[in-house]
Novice: 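Have a look at this one before I ask anything.
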Number of protein chains: 2
Amino acid sequence: MKIGELANATGTKVETVRYYEKIGLLTPPARTLANYRDYGSEHLARLSFIRRARDLGFTLEAVRELLTLSDNKAQSCEAVDGIARVHLTDIDRKVRDLKSLGLELSRVLGSCSNGTVAECKIIETLAPRGKAFV
Amino acid sequence: MKIGELANATGTKVETVRYYEKIGLLTPPARTLANYRDYGSEHLARLSFIRRARDLGFTLEAVRELLTLSDNKAQSCEAVDGIARVHLTDIDRKVRDLKSLGLELSRVLGSCSNGTVAECKIIETLAPRGKAFV
DNA sequence: ATGCACCCTGTAGCAACTATAGGGTCAAGT
DNA sequence: ACTTGACCCTATAGTTGCTACAGGGTGCAT
C-alpha cells in the first residue's frame, strides 16, 4: 500500500511516517518504479503499535525498547525480562491513574445530568504520590 | 515551599515548573523577600495533576481543559459535560490498550521465567483499529 | 493534454520541555 | 567576617517529536 493509505489506516500524518523511517523506527519499505514507498501489512501493524503506544504516553525511546522485544527473536531472557518488567509497573500505575480520573469525570458528568453542578475534585484524583512534601 | 522542593515532590524539573508558570498553567506564587517563589499545597496538588495527566498522554491543552473543570466553579453544565465526555471516551480506550499491553508483557515475562523465550506478540496487542486497510 | 490528488526530498516551524549563561541568596563551616 | 556550595533568579538557546511548507514528479480521469 502507498504511504497515504498507511497513514490513513493508522491515523498518522504522512510526514510522521517518513519521520519514523528517518529515525529508524520503521524499516524502509520497497519502492515502486515511480519511487513511491510500498508498504506491507507488517508495516501497518508496527506503525499502529507505535502510534497507540505514543498515545499512551510512552516516549519514542520506550517504544523502540518495546519493539525490540518483538524484533529480536533470539535475545536473552534477562534482557526481555528487564524491559518488560520496567514497563509493566509503569502500565499498572497508568491504568490506576486513568481509572480514578475516569471515575471523577463520570461523577461530575452524573451530577451534571441531574441538574446540579458538583464541585469538581479532579485534581485530587491524581494527588501527589511517593515523596510528598510535608 | 521553594521551587526545588515542589519540583522534587512531583518529579518535575525546576525549569519545567517555571515553564508552566510562563504559559499560565500554574498561577504565579507569592515571592519571598529574596524574590524566591514560595509555593503552597494547592500548587503541589495542581502540579502533580499536570505531571501525571501528561504522563498519561494528555496534551497540555487537554490538561488545561481538564483543569478548568476544577477552576471555574460557576460554569455551565453543558461546558462541563462536553469536556468530561470527550475525555472519558479517550480514557476508556487508553485503559483498554494499556491492559492488553500489560497482559502481553506479563505473558512474555511468565514464559521467560520458566526458561523458554516465548515469541513476543506485543505488536499484535495494539493492532490497527477502525479504518483498517485491506 | 491538463487538471487534480497523490508521491518525492529537503528544510523550517511548533509544542513541550531541557540545558546553559550570567548572576544573586543563604546557611554552614573556619 | 568570609567563603564555599547548594540553591534561587531571568533570559535564551537547544532537543524531541512531530507538522507544515516549498519545489518538483507521477498517474489517472476528463
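Predicted model only: the values in this text are computed from it and were never measured. Naming: A, B, ... by sequence-line order, numbering from 1 per chain.
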Novice: What heavy-atom pair brings Phe49(A) and Ile123(B) nearest, and what distance separates the two atoms?
Specialist: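 In this case the closest contact between Phe49(A) and Ile123(B) is CD1-CA, 3.7 Å.
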Novice: By side chain to side chain contact (heavy atoms under 4.5 Å, CB included), which residues pair with Thr32(A), not counting sequence neighbours?
Specialist: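 Testing Thr32(A) for side chain to side chain contact (heavy atoms under 4.5 Å, CB included), a comparison that skips the adjacent residues, returns Ala34(A), Tyr36(A), Asp38(A).
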Novice: How would you give the extent of chain B contacts on DNA chain C, as first and last nucleotide 5' to 3' within a 4.0 Å heavy-atom cut-off?
Specialist: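 Answer, 5' to 3': dA16(C) to dC26(C).
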Novice: What is the minimum heavy-atom distance between Glu5(B) and Lys2(B), and which atoms define it?
Specialist: OE1-N, 2.8 Å
Novice: Are the side chains of Glu124(B) and Glu104(B) in touch, meaning some heavy atoms are under 4.5 Å apart?
Specialist: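 A side-chain contact under 4.5 Å is absent here.
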Novice: Which atom pair, heavy atoms only, marks the closest approach of Leu88(A) to Ser106(B)?
Specialist: CD1-OG, 3.7 Å
Novice: Taking all atoms of both residues into account, what is the closest heavy-atom pair of Gly4(B) and Val14(B), and its distance?
Specialist: CA-CG2, 4.0 Å
Novice: Are Val17(A) and Arg37(A) close enough that some pair of their side-chain heavy atoms sits under 4.5 Å apart?
Specialist: no
Novice: With salt bridge (charged side-chain N to carboxylate O under 4.0 Å, His left out) as the rule and sequence neighbours excluded, what pairs involving residues 59-70 of chain B come up?
Specialist: Glu61(B)-Arg64(B)
Novice: Dot-bracket, DNA chain C: Watson-Crick or G-U, under 3.5 angstrom, [ ] crossing, | other strand?
Specialist: ||||||||||||||||||||||||||||||
Novice: Would you say the side chain of Leu67(A) lies within less than 4.5 Å of the side chain of Ile50(A), judging by non-hydrogen atoms?
Specialist: yes
Novice: Toward the 5' end of DNA chain D, which comes first, Gly4(B) or Tyr19(A), by nearest nucleotide?
Specialist: Gly4(B)
Novice: Between Lys13(A) and Tyr19(A), is NZ or CZ placed under 6.0 angstrom from the six-membered ring centre and within 45° of the ring axis?
Specialist: no
Novice: Between Arg51(A) and Tyr20(A), what is the shortest heavy-atom contact and its length?
Specialist: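 Closest approach of Arg51(A) to Tyr20(A), heavy atoms only: NH1-OH, 2.9 Å.
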Novice: Which of residues 22-41 of chain B sit near DNA chain C, with a heavy atom under 4.0 Å from it?
Specialist: Ala34(B), Tyr36(B)
Novice: For Arg54(A), answer base if it contacts any base atom (sugar-phosphate contacts may also be present), sugar-phosphate if it contacts only those atoms, and nothing otherwise; contact means non-hydrogen atoms under 4.0 Å.
Specialist: sugar-phosphate
Novice: What's the shortest heavy-atom distance between Gly40(A) and Met1(A), and which atoms?
Specialist: O-CE, 3.8 Å
Novice: Report yes if some heavy atom in the side chain of Leu44(B) is under 4.5 Å from a heavy atom in the side chain of Tyr39(B); otherwise report no.
Specialist: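 Contact flag for Leu44(B)/Tyr39(B) side chains = no.
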Novice: Need two values: the first and the last nucleotide of DNA chain D, 5' to 3', having an atom under 4.0 Å from any heavy-atom of chain B.
Specialist: dC7(D) to dT12(D)
